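To start, the structure under review is shown below, and the notes come after it.
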Amino acid sequence: QVQLVQSGAEVKKPGSSVKVSCKASGGTFNSYAISWVRQAPGQGLEWMGVIIPMFGTANYAQKFQGRVTITADESTSTAYMELSSLRSDDTAVYYCARRIMGGTTYDYWGQGTLVTVSS
Amino acid sequence: DIVMTQTPLSLSVTPGQPASISCKSSQSLLHSDGKTYLYWYLQKAGQPPQLLIYEVSNRFSGVPDRFSGSGSGTDFTLKISRVEAEDVGVYYCMQSIQLPLSFGQGTKLEIK
């Protein structure tokens, strides 16, 4: 059974950075693309970026360019999303989601990680 | 960037009655490979989105057959033939034909 298990909730100060992990199990990690999507309180879904672990290449939403870094460690089947220069409006639940390479569908999502940015 | 527009933004439905949600994209979601990259998700309170429909009309594993998707090009519809209490939540359409991925604003379904 495919599972994406994310790291726990974080509380951060404005200006700091956060790194959220997403560990995959039940499938072949290097056959995935992993996207990161965030959801501010009471708001909709916002795509941040994607990584293909097999190639190690990432693409980012223009809004987050320069502030977000998405990486993957094939040895541990874990993807990471690091967001820097945090602001209060970065307070959100951050989700990872997987798509099988060659497929089109983001079928499994992590449980979400709440990041709270507060002084 | 592709803009996804859902209507209505909220629905109140009596159990056993049908419901319908529209999603329009600012560009065609038909790819040269013949597939249309349109998906429907349901997000229940406190949970991540769960996939209902992929590539316009294909139900994901375990999704009840009261859910159906239709449409083509830029106009799409999700229908629930007979709403049940467990269908409460926010429904999102999503496109993945082009980066950045984009979502509709969400449609909140509640039970009367």
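The sequence lines fix the lettering, A, B, ..., with proteins before strands; numbering per chain opens at 1. No experiment lies behind these values; they were computed from the predicted model shown.
In terms of heavy-atom pairs under 4.5 angstrom with chain A, the leader among B:L101, B:L51, B:I97 is B:L101.
Hydrophobic clustering (ILVMFWY, side-chain heavy atoms < 4.5 Å, transitive): A:V2 and B:F60 are in one cluster. With hydrophobic clusters built from ILVMFWY side chains whose heavy atoms lie under 4.5 angstrom apart, B:F76 does not share a cluster with B:L30. Following chains of ILVMFWY side-chain contacts shorter than 4.5 Å, one can reach B:V13 starting from B:I80, so the two form part of one hydrophobic cluster. Taking hydrophobic clusters as Ile, Leu, Val, Met, Phe, Trp and Tyr residues chained together by side-chain heavy-atom distances below 4.5 Å, A:V20 does not share a cluster with A:Y80.
Nearest heavy atoms, B:P48 versus A:G110: CB-O, 3.3 Å.
In this structure, the portion of A:V50 lying under 4.5 Å from any heavy atom of chain B is its side chain and not its backbone.
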Can you list the donor-acceptor atom pairs spanning chain A and chain B that come in under 3.5 angstrom?
{"residue": "A:Q39", "atom": "OE1", "partner": "B:Q43", "partner atom": "NE2", "Å": "2.8"}
{"residue": "A:Q39", "atom": "NE2", "partner": "B:Q43", "partner atom": "OE1", "Å": "2.8"}
{"residue": "A:Q39", "atom": "NE2", "partner": "B:Y92", "partner atom": "OH", "Å": "3.3"}
{"residue": "A:Y95", "atom": "OH", "partner": "B:Q43", "partner atom": "NE2", "Å": "3.2"}
{"residue": "A:Y95", "atom": "OH", "partner": "B:Q47", "partner atom": "O", "Å": "3.4"}
{"residue": "A:T104", "atom": "O", "partner": "B:Y39", "partner atom": "OH", "Å": "2.9"}
{"residue": "A:T104", "atom": "O", "partner": "B:S96", "partner atom": "OG", "Å": "3.4"}
{"residue": "A:T104", "atom": "OG1", "partner": "B:Y39", "partner atom": "OH", "Å": "2.6"}
{"residue": "A:T104", "atom": "OG1", "partner": "B:E55", "partner atom": "OE2", "Å": "2.7"}
{"residue": "A:Y106", "atom": "O", "partner": "B:Y41", "partner atom": "OH", "Å": "2.6"}

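Listed by chain and number, the hydrophobic cluster partners of A:M54 are A:I52, A:F55, A:M101, where partners are ILVMFWY side chains within reach of under 4.5 Å, directly or through others.
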